[in-house]
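These numbers come from a predicted model, not from an experiment. All ligand and atom numbering here is 1-based and tracks the order in the structure.
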Amino acid sequence: MCVWNIDFQFQSVRPVELHSAELGTCDNDAVNSNIDSKIDIVGGDITKLEVDAIVNAANTTLLGGGGVDGAIHRAAGPELLAECRTLGGCPSGEAKITRAYKLPARFVIHTVGPFWTGGRRGEAEVLANCYRNSLHLAVENSVKTIAFPAISCGAYRYPIIEAAKIAIETTREFLANNDRIDKVIFVVANDEIHAAYRRAFAC
Ligand code: AR6
């Protein structure tokens with residue numbers, strides 16, 4: 001049995017009421033407990049995090065948008081858009097990396113989640129690829145600490161419980177096969193998403 005304490009720091013420019021951390025238990029073995037010690041779930045604004053890389057839930061143009069994409073571009077400044085213009089867009093499920101300019105992070109990894117259309121168009125695989133490809137790109141760039149927003153859970157309308165399962169499962173699988181990432185932080189923007197991640201994390 002493994003036990004963990006979900007690390008819960010709340011820092012947000014738009015405060016949302018979130019419940020305090022809970023102690024969870026699961027029936028997984030010691031292998032999972034080592035992997036899970038590298039995963040944190042925190043509430044707040046991803047643009048504030050001092051990590052090696054933050055992940056952007058972008059669109060295929062990589063030229064900015066609303067939601068977390070808009071927040072990242074606003075906080076990073078216009079040089080981010082200038083670098084994104086050189087990248088030629090990004091297909092869904094893939095990832096591209098840029099510098100982070102005025103952000104406290106060193107890099108932004110831009111990935112494009114699937115737009116939810118009912119689940120029969122490979123949305124789950126595309127979403128899993130976002131996490132996988134972002135983590136691979138992180139390793140290629142010597143990133144040790146990385147923060148993800150809830151990709152596709154806003155404008156792209158992915159069901160949150162399913163998306164949280166994919167985020168946690170894909171990340172665990174990656175960390176089980178690769179020891180070059182020290183910390184993966186899932187940044188949750190509200191109570192509903194926090195609850196979904198907490199549930200997915202509890203096996
Ligand atoms: N920090 C952390 N999470 C955030 C922040 C923030 N500052 N702002 C929003 N979220 P969304 P998507 C959460 O819509 O569904 C854009 O226009 C938000 O509450 O940003 O993948 C792109 O250009 C939600 O839980 O991304 C695309 O066109 C999560 O981030 C499209 O939206 C993702 O919501 C992508 O849609």
Side-chain angles (χ1 to χ4, degrees), residues 7-18 40-51 53-77 80-81 83-85 87 89-96 98 100-105 107-119 121-134 145-168 170-171 184-200:
D7 181 6
F8 197 82
Q9 312 155 14
F10 183 64
Q11 39 181 326
S12 175
V13 287
R14 273 186 312 159
V16 189
E17 276 298 311
L18 294 171
D40 286 347
I41 301 167
V42 308
D45 179 355
I46 201 168
T47 67
K48 307 288 185 206
L49 295 188
E50 289 182 36
V51 287
I54 62 169
V55 176
N56 183 15
N59 58 60
T60 54
T61 69
L62 297 186
L63 299 181
V68 72
D69 194 5
I72 288 172
H73 275 272
R74 276 193 301 279
L80 178 61
L81 181 58
E83 185 173 354
C84 284
R85 284 192 198 285
L87 298 178
C90 180
S92 299
E94 295 187 14
K96 295 199 174 175
T98 63
Y101 301 98
K102 291 181 182 152
L103 292 165
F107 297 108
V108 179
I109 293 176
H110 307 261
T111 190
V112 183
F115 184 84
W116 178 258
T117 55
R121 295 194 178 165
E123 290 97 324
E125 194 52 26
V126 174
L127 187 58
N129 284 341
C130 288
Y131 288 95
R132 239 177 251 133
N133 288 326
S134 296
T145 55
I146 180 168
F148 284 93
I151 298 164
S152 285
C153 291
Y156 284 0
R157 298 185 196 161
Y158 208 105
I160 289 164
I161 289 181
E162 291 309 314
K165 274 190 213 158
I166 290 169
I168 298 278
T170 309
T171 299
V184 177
I185 301 169
F186 291 108
V187 184
V188 294
N190 61 44
D191 231 357
E192 186 188 5
I193 298 176
H194 180 220
Y197 273 78
R198 208 172 47 198
R199 192 192 298 187

*May I ask whether Asp45 has any heavy atom positioned less than 4.0 angstrom from an atom of ligand 1?*
yes
_Using a 4.0 Å cutoff against the non-hydrogen atoms of Gly44, which atoms of ligand 1 qualify?_
1 (N), 2 (C)
*Tell me, with the steps shown, if Ile151 and Tyr158 meet side-chain contact (heavy atoms from CB on, under 4.5 Å).*
CA-CA 8 Å; Ile151 298 164; Tyr158 208 105; over 6 Å; no
*Search all heavy atoms of Ile46 against all heavy atoms of Ala147 and return the closest pair with its distance.*
CD1-O, 3.5 Å
*Please work out which of Val42, Ile72, Val68, Thr111 has its closest non-hydrogen atom nearest to atom 30 (O) of ligand 1.*
Val68
*Please could you name the atoms of ligand 1 that Ala57 approaches to less than 4.0 Å, counting only its heavy atoms?*
21 (O), 22 (C), 26 (O), 35 (C)
_Which residues pass the side chain to side chain contact (heavy atoms under 4.5 Å, CB included) test with Thr98, not counting sequence neighbours?_
Leu80, Glu83, Cys84, Leu87, Val108, His110
*Show your reasoning for whether side-chain contact (heavy atoms from CB on, under 4.5 Å) applies to Asn133 and Thr111.*
CA-CA 8 Å; Asn133 288 326; Thr111 190; 5.7 Å; no
*Kindly confirm or rule out an N or O of Asp69 lying under 3.5 angstrom from an N or O of ligand 1.*
yes
*Of all the atoms in ligand 1, which lie at a distance below 4.0 Å from a heavy atom belonging to Cys153?*
15 (O)
_So if I count the atoms of ligand 1 from 1 in the order they appear, which ones are less than 4.0 Å from some heavy atom of Ile193?_
25 (O)
*Do Val187 and ligand 1 have an N or O pair less than 3.5 Å apart?*
no
_Note, Pro114 side chain near Ser152 side chain (heavy atom, < 4.5 Å)_ = yes
*Provide the number and element of each atom of ligand 1 under 4.0 Å from a heavy atom of Ser152.*
12 (P), 15 (O), 21 (O)
_Yes or no: does Gly70 have any heavy atom under 4.0 Å from an atom of ligand 1?_
no
*Relative to each other, are the rings of Tyr197 and Phe186 parallel, tilted or perpendicular (30° and 60° limits)?*
tilted
*Quick one: closest heavy-atom pair of Cys130 and Gly113, and the distance?*
SG-CA, 3.6 Å
*Using the test side chain to side chain contact (heavy atoms under 4.5 Å, CB included), find all partners of Thr170 that sit at least two apart in sequence or belong to another chain.*
Ala128, Tyr131, Arg132, Ile166
*Between Gly64, Gly154, Gly43, which one has a non-hydrogen atom sitting closest to atom 34 (O) of ligand 1?*
Gly154
*asked:* One pair to check against side-chain contact (heavy atoms from CB on, under 4.5 Å): Val112 and Glu94. What are the steps and the verdict?
replied: CA-CA 7 Å; Val112 183; Glu94 295 187 14; over 6 Å; no
_side-chain contact (heavy atoms from CB on, under 4.5 Å) evaluation trace for Val55 with Ile146_ = CA-CA 7 Å; Val55 176; Ile146 180 168; 3.8 Å; yes
_Can you name the atoms of ligand 1, numbered from 1 with element, that are less than 4.0 Å from a heavy atom of Gly65?_
17 (O), 23 (O)
*Does even one non-hydrogen atom of Gly113 get within less than 4.0 Å of ligand 1?*
no
*asked:* Just to be sure I'm reading this right: ignoring hydrogens, which of Ala150, Ala155, Gly67 gets closest to atom 14 (O) of ligand 1? Compare them by their nearest heavy atoms.
replied: Ala155
_Show me which atoms of ligand 1 lie under 4.0 Å from any heavy atom of Gly66._
16 (C), 17 (O)
